[in-house]
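In the text below, chain A, chain B and the rest are named by the order of the sequence lines, each starting its count at 1. For the numbers below, each heavy atom of this structure counts, side chains included, while hydrogens, waters and symmetry mates do not.
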Amino acid sequence: MKKYVLPTILLAGIIIFAVLAGNGAISTKDIITVISGGGSDTQRLILYKVRLPRIFAAAGCGAALSVAGFLLQGSLDNRIVSPGILGINNGAGLFVLLSALLFPFNVGFKCLMAFAGALLVTVFVSILSVKTGMSKTSVVLSGVAVSAIITSVIDLIISIKPETVADKVAFQIGGFANTQYQIVIFAFPLILIAIVTALITAPSMDVLKLGDEIAHGLGLGVKAYRCLCVLIAAILAGAAISMGGLLGFVGLIIPNCVRMIHKGKSRGSMALCILYGAAFLVLCDTLSRVIVFPYELPCGLLLSVVGAPFLIWILVKNKKRLGTD
Amino acid sequence: MIKIRDLKISYSYGDAFTVEALDLEKGEVASIIGKNGCGKTTLLRTIAGLLPYEGSVTIDDTECRNMNVRDRAKKAAYLPQLIRPVSLDVQTLVEHGRYPWHGNNRRISDEDKVFIENALDITKMKEFQKRDLTELSGGQLRRAYLAMVIAQNADMILLDEPTTFMDIESQALFYEIAAELAAKGHGIIMTCHNIEQGFSYSDRIVLMEERCIRKTGTPKELVKEKKELRSIFGAAVKESEDKELLYQYILTK
């Protein structure tokens, strides 16, 4: 249990920092007063309607995307895979664009559409992968192909209706500036169910790590489990994307970091992904709103600044393995 | 017991793999011997449930294709030729051998511990149990995976080229282990390149050539089939009385 103490303390500390940091109009003392039941209407509004939903969304998003990345990387035996590679992000992006086209002022609907897009693309990629043999390569190539098709549809829509591009750009960068409780309440149960399912079935991931044939010999339905992983990852990514937009690198950075510091069983790795993922995204979101205060950077921008160099580092570190794949 | 009748597997390039009839019993070591590409691994993978087939393959009278993957794993363990050194300690790897019995509700029980300890003992891997697989030699790695398969406690144990990367001493240890497991009632079915080893350490030999079985029998029976052996391997074997020799059966022209 020792290995969970540090990330738990870290997450708790970052959440406290996130609650207290930000707009100077509300001080630490005010926050304590509001929590004790006092404070003005404005202070209560800032804490309960702005900061807390934002923290919940960032924490949920970080945990969901990290576990989604862990599941995809583990089940497809590829450390560079993330929901983006499988076209899940592009699917969500297309549906956001469609919602901007059809219902430009309905924020809640946009989130729902993002989730539906992510899920639909995953189901489609899964069917395509099953039809092409459900191997590690066929799943990735199916995702890349579907992603390419969706990108061309997105470009087509933007060419015909250029006014929709603003919504798409904001969504693609990602962030929690406009987080509302409604979407958090909608996304959280899905994230919870998906994460619990992933944790329950984690011993299968340990067995799958040994290779498809050995896993089969040990009694694991390899194709079925791989399908389940992709589906859980889609639910997690869809729910996360609906809250925070396309936050690209979380699903890539956190699982790879966890693998480096924890070499034990997958259930423990997943638990660490949840804690570090939540802590990392809450920290990034908090920094994004305090670094250039009183302005705010999109959280996704900060993530990309950290994530892109990290991706290059993984590529360099795995050059031997990548060279033989 | 494994019973194969009228088995046919079609390859994408047109040729078919066929077995008219083959019975493999518990309590004996059976070696499938043949040249590269003759279908040894195909036969093993079919029994392991990895390939679709026509005809009948039964394990204890249950048709293989109708078996649930976990039920099959309880009856027949399978270790492929290609294994990989993932970052994992030997003890945890051997614990994975208990997966068919628990699935995802895995808690290592006292009964499991007995199987795990026994597997580590029998393969002489106890001293390496805390060692990461990436730090083992090729032969030690194969022994670690063998321990996992033994911990699985399946009636039949299917091993594809089990002595690959093993030095002479480890190979001898492996054949001792195979004999011990057979004496305990397990059926060991393995593919083998080395005719001398196959004949010397097996109770039953399955001779294969060009995707079908040419002969089956005990080493004593098949050693007489010199013409058949020469046509398949370009060499025959003879039984030796010399106790100094490493193998009881040696190659002849």
Side-chain angles (χ1 to χ4, degrees), chain A residues 71 73-75 77-79 132-136 195-229 232 255-270 317-318 320-321 324-325, chain B residues 12 41 44-45 47-51 67-89 91-108 130 132-135 141 144-146 148-149 151-154 156-160:
Chain A
L71 287 173
Q73 288 165 19
S75 62
D77 192 24
N78 187 338
R79 290 179 73 164
T132 52
M134 203 63 205
S135 71
K136 289 174 281 194
I195 284 182
V196 169
T197 311
L199 286 169
I200 290 172
T201 55
S204 297
M205 180 68 84
D206 293 324
V207 169
L208 189 63
K209 255 199 267 182
L210 305 176
D212 287 11
E213 291 207 351
I214 291 180
H216 178 93
L218 286 169
L220 175 68
V222 172
K223 287 179 184 176
Y225 180 63
R226 190 168 281 142
C227 241
L228 178 73
C229 285
I232 295 174
N256 275 298
C257 285
V258 165
R259 272 197 196 91
M260 276 184 258
I261 56 171
H262 181 254
K263 295 197 172 183
K265 291 179 181 166
S266 294
R267 194 171 278 166
S269 299
M270 281 185 203
K317 198 168 175 282
N318 288 301
K320 269 190 188 166
R321 194 179 153 194
T324 55
D325 276 351
Chain B
S12 53
T41 300
L44 222 53
R45 293 181 81 226
I47 301 169
L50 284 159
L51 296 174
M67 284 171 105
N68 169 299
V69 67
R70 258 173 70 192
D71 289 339
R72 184 167 48 218
K74 289 175 192 169
K75 297 267 183 196
Y78 172 63
L79 187 62
Q81 187 180 359
L82 290 177
I83 52 175
R84 52 181 178 176
V86 290
S87 184
L88 191 76
D89 62 65
Q91 169 81 24
T92 310
L93 175 77
V94 180
E95 284 176 10
H96 287 339
R98 302 306 295 160
Y99 181 84
W101 302 90
H102 303 291
N104 289 317
N105 311 316
R106 191 169 41 155
R107 273 217 178 95
I108 301 297
K130 297 280 173 227
D132 198 276
L133 298 184
T134 54
E135 295 163 2
L141 182 69
Y145 272 95
L146 182 65
M148 179 194 79
V149 168
Q152 199 171 329
N153 195 38
M156 307 300 285
I157 300 175
L158 317 171
L159 306 166
D160 195 3

Would a 4.5 Å heavy-atom cut-off, applied to side chains only, mark [X] and [Y] as touching?
X	Y	answer
A:Asp206	B:Leu88	no
A:His216	B:Tyr78	no
B:Met148	A:Ile214	yes

B:Leu158 versus chain A, the contacting section by heavy-atom distance below 4.5 Å: neither
Please flag which part of B:Ala76 lies under 4.5 Å from any non-hydrogen atom of chain A: side chain, backbone, both or neither. backbone
Identify the two heavy atoms, one from [X] and one from [Y], that lie closest to each other, and give their separation to 0.1 Å.
X	Y	answer
A:Gly217	B:Ala73	O-CB, 3.3 Å
A:Leu210	B:Leu93	CD2-CD1, 3.6 Å
B:Val86	A:Lys209	CG1-O, 3.3 Å
A:Pro203	B:Gly103	CB-O, 4.2 Å
A:Glu213	B:Pro80	OE1-CB, 3.5 Å

Of the listed residues (B:Ala77, B:Pro85, B:Pro100), which shares the most heavy-atom pairs with chain A below a 4.5 Å separation? B:Pro100
Separation of B:Leu79 CG from A:Leu218 CG (nearest 0.5 Å): 9.5 Å
